[in-house]
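Here the structure is laid out as structure tokens; the discussion comes afterwards.
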2 protein chains.
Amino acid sequence: MDVARLAGVSQKTVSRVFNDEPYVSAEVRRRVLEAAEELGYRLNNAARALASGRTRSIGVVTLGTALYGPASLIMGVERAVRDSGYTVRVVNTVEGDPAGVAGAVDSLLDQGVDGIVISEPIDDGHDGDLSGLVDVPILVLGAPPLPAPRALAAGVGAALMARAATEHLLDLGHATVHHLAGPQRWYAARDRLEGWRAALAAHGRTVPPVVEGDWSAASGYAAGHELASDGDMTAVFAANDDMAIGLIRALAEAGRRVPDDVSVVGFDDIPVAAYVNPPLTTMRQPFDAVAQEGLKRLVHSIENPQADPLPASDPPVDLVVRASTAPPPPRMTPGRARRTVSPPSGGRHSPPPNGGASTHN
Amino acid sequence: MDVARLAGVSQKTVSRVFNDEPYVSAEVRRRVLEAAEELGYRLNNAARALASGRTRSIGVVTLGTALYGPASLIMGVERAVRDSGYTVRVVNTVEGDPAGVAGAVDSLLDQGVDGIVISEPIDDGHDGDLSGLVDVPILVLGAPPLPAPRALAAGVGAALMARAATEHLLDLGHATVHHLAGPQRWYAARDRLEGWRAALAAHGRTVPPVVEGDWSAASGYAAGHELASDGDMTAVFAANDDMAIGLIRALAEAGRRVPDDVSVVGFDDIPVAAYVNPPLTTMRQPFDAVAQEGLKRLVHSIENPQADPLPASDPPVDLVVRASTAPPPPRMTPGRARRTVSPPSGGRHSPPPNGGASTHN
DNA sequence: TTGAAAGCGCTAACAA
DNA sequence: TTGTTAGCGCTTTCAA
């Protein structure tokens, strides 16, 4: 190694300097650094990985989507990985891909990652056979741990958040709350459904039939037309903001005003949520907190193979109340009020002055 | 190597099999594959990289944001990289990070990538000194090529798209078009501004003062309140959809209806664009096409170091016309019509029946 | 069509 | 506090 020669030391000493190992005199360190600088030297990662058996990289498996939730989580994960001194390797899966998550994990293993993060997975029946292959720690975000020997999970508190969202509507006085669910292949969608159901059960309310969307505003729009025909419906908890926005549009077309006739709660707090019409009440997801906490536990497992994994903690609940929720309208007659064809009523150009106002809870 | 022993061949032959090199008899190939299977063998990437000097990986530098545009581009890039047989290493930069792009590139170089993709960069004055360091091909998406020896650029057609968006409004009969620009540190924002200006110039229209936002709906909302005071304004081209949505909300609060009083065009075609109120006319960005084409050229440069780089091509223009644009309102009096305090007029519950209808151009 | 030898640039283990 | 000796598991080069 040229740097060693130029600095007049052994190769191993150079290695020590670059790894911040102890037992290097300040003088020698200086000489080595100087020589390295002069030669434009940089550590060769491949050689390092080969000799040490560790790549200092963490693989990330994500569903290839620009959906706000998954994308935000991934940003958080990348930052957290880098803060831990690791590098990131990414593999996207495509929904419907037969190889799916298992294939992605396999390719990451090929690349020799020291640990794996799986984000926002869907349960398509293709995973589950990872038990034998995976010998590195593996963290699953927003789902139960995979059946692998060194599995961890984080961010499974979605049910709690969904429950809080539902209870916000019940607290406003709504008799019950409808649910516009996400695709049930997604763990996150199932968690939210479950939290909603739990809230209704805890308060002894009737459980209306569930309408399922696919996360998109388009599916929320379709669901909205379906739900609008139910004259008794006064409140909807949508499993994400995009669907809530589509839903609100369909309700408006059907002559049901939000929040006057129907209250709507979303989930995620996407950036435009405060600016749509009306501004959306929604559950804010603590993406960064989940990513950071999960990563801390993953890195701990990587670096302390023997020790017990660190315990998980529940993410905080953070409801942002805006203008899409209100008390239910007064009931007009004991029977079903026929308001499906209610004509457009009055002017509507003075929405509540709350562009970005938000209240936490 | 155990596989070699078990198959009764040399190490080199195993290598040949796994690299699909010629000159291996079918019989030998079969034996090797069989032995590998039995031993659960997988190629060690670190060793491979060390011996060959190539990592078969491409580094991606992105601004750490969940904005729809950048996030979509990155998904496209990941897919394109993988389709080319490379793996992906990601580094996010943080806006305001002093190290910035140069630091990210450096860290990627440390990791030994064979090529680099930089996406959606902002011009913060920190890059530019990469010329000496970077010896691998480097592709910049949505910006001029970096001053590096093997630099490429792709997706710089934003000005053309902005021009088309502006001309759509002029074609509808608007006297001129205002522009709600993105932050001018972003190349993309500057391109769009330039395209807008070019369209106005080509048609001999007056160029109104530019209002600058930061891509967020919040900034669009603020800009909307500012623009609403100009009674002559009848059309706005917003540099992205989020800002357009905030803008429309502010206009509504100021009593200016969209599209009756003011037409608005956005940029990106984010998923909710068809479902906000009113559905947004917007320029759709061909993220996948840009990513794929750019990557093809990058890989070509990696694998043919001597050859001339492949030429770039302009992305297609794809305007999605929805309900936020219409001809300007008839002018009421020769002077300035005092309509800033115009009261809410009539019912509004029957938006045009165009939930997702779109027209290409 | 196959194999032997050498070494990529580092770190582990031990010695001095 | 520093150095020596071996490899890590592949690919390269050359020879058979």
Side-chain angles (χ1 to χ4, degrees), chain A residues 1-36 38-57 85-87 109-114 135-136 302-303 305, chain B residues 1-36 38-57 85-87 109-114 135-136 302-303 305:
Chain A
M1 182 189 288
D2 302 338
V3 174
R5 219 185 355 255
L6 191 94
V9 299
S10 77
Q11 207 179 111
K12 175 66 218 186
T13 298
V14 174
S15 169
R16 275 196 262 261
V17 169
F18 277 93
N19 286 294
D20 277 325
E21 281 173 34
Y23 304 129
V24 185
S25 70
E27 157 64 7
V28 168
R29 158 167 279 117
R30 198 190 49 66
R31 275 214 323 271
V32 169
L33 256 19
E34 209 163 66
E38 186 168 331
L39 267 43
Y41 169 77
R42 53 194 350 152
L43 263 173
N44 178 318
N45 244 281
R48 214 148 103 107
L50 179 57
S52 70
R54 291 184 46 197
T55 58
R56 288 148 224 255
S57 69
Y86 286 75
T87 63
L109 255 18
D110 261 356
Q111 297 174 44
V113 296
D114 293 340
D135 47 351
V136 302
I302 291 173
E303 297 177 350
Chain B
M1 181 190 286
D2 302 337
V3 174
R5 218 183 356 255
L6 191 94
V9 298
S10 78
Q11 210 181 109
K12 173 66 220 187
T13 298
V14 173
S15 169
R16 275 197 261 262
V17 168
F18 277 92
N19 287 295
D20 278 326
E21 281 172 34
Y23 304 129
V24 185
S25 71
E27 157 63 7
V28 168
R29 159 166 277 117
R30 199 191 49 66
R31 275 212 324 269
V32 169
L33 256 18
E34 208 162 66
E38 186 166 331
L39 267 42
Y41 169 78
R42 51 189 358 149
L43 262 175
N44 178 319
N45 245 282
R48 216 148 102 106
L50 179 57
S52 70
R54 291 187 44 197
T55 57
R56 288 147 224 258
S57 69
Y86 286 75
T87 63
L109 255 19
D110 262 354
Q111 296 173 45
V113 296
D114 293 340
D135 48 350
V136 302
I302 291 174
E303 296 177 350

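The structure displayed is predicted, hence computed values, not measured ones.
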Atom pair distance, as rounded to whole Å: [atom1] in [X] and [atom2] in [N]:
| X | N | atom1 | atom2 | result |
| --- | --- | --- | --- | --- |
| A:D110 | D:dG9 | CG | P | 15 Å |
| A:R48 | C:dC8 | CZ | C1' | 16 Å |
| A:L50 | C:dA12 | CG | C1' | 13 Å |
| A:N45 | D:dC8 | CG | C1' | 15 Å |
| B:E27 | C:dT1 | CD | P | 14 Å |
| B:R56 | D:dC10 | CZ | C1' | 11 Å |
| B:N44 | C:dC10 | CG | C1' | 13 Å |
| B:L43 | D:dC8 | CG | P | 17 Å |

Query raised in the report: Reckon B:N19 has a side-chain N or O less than 4.0 Å from the OP1 or OP2 of D:dT11?
Result: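 Indeed, a polar side-chain atom of B:N19 lies that close.
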Query raised in the report: Under the side-chain contact (heavy atoms from CB on, under 4.5 Å) test, which residues partner A:R29, sequence neighbours left out?
Result: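 Scan of A:R29 (side-chain contact (heavy atoms from CB on, under 4.5 Å), adjacent residues dropped) gives A:V17, A:D20, A:V24, A:L33.
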Query raised in the report: What residues form a side-chain contact (heavy atoms from CB on, under 4.5 Å) with B:A51, not counting sequence neighbours?
Result: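 B:A51 satisfies side-chain contact (heavy atoms from CB on, under 4.5 Å) with no other residue.
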Query raised in the report: Is there a donor-acceptor contact under 3.5 Å from the side chain of B:D110 to the main chain of A:L43?
Result: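 Here the side-chain-to-backbone pair does not exist.
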Mind listing the N/O atom pairs, protein and nucleotides 1-5 of chain D, below 3.5 Å?
| residue | atom | partner | partner atom | Å |
| --- | --- | --- | --- | --- |
| D:dT2 | OP1 | A:S25 | OG | 3.0 |
| D:dT2 | OP2 | A:S25 | N | 2.6 |
| D:dG3 | OP2 | A:S10 | N | 2.9 |
| D:dG3 | OP2 | A:S10 | OG | 3.2 |
| D:dG3 | OP2 | A:T13 | OG1 | 2.6 |
| D:dG3 | N7 | A:R16 | NH2 | 2.7 |

Query raised in the report: Could you give all pairs that pass the salt bridge (Lys or Arg N to Asp or Glu O under 4.0 Å) test and reach residues 44-56 of chain B, with sequence neighbours left out?
Result: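 Output for this query lists B:R54-B:D114.
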Requested in this report: Just jot down the salt bridge (Lys or Arg N to Asp or Glu O under 4.0 Å) partners of A:R16, sequence neighbours excluded, or say none.
Outcome: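 With sequence neighbours excluded, A:R16 shows a salt bridge (Lys or Arg N to Asp or Glu O under 4.0 Å) to no residue whatsoever.
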Report task. Quick one: list whatever passes salt bridge (Lys or Arg N to Asp or Glu O under 4.0 Å) with A:E303, sequence neighbours left out. Result ->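 Applying salt bridge (Lys or Arg N to Asp or Glu O under 4.0 Å) to A:E303 gives none.
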Query raised in the report: Checking all strands, does B:R42 fall into the base, sugar-phosphate, or nothing category for heavy-atom contacts under 4.0 angstrom?
Result: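 Result for B:R42 = sugar-phosphate.
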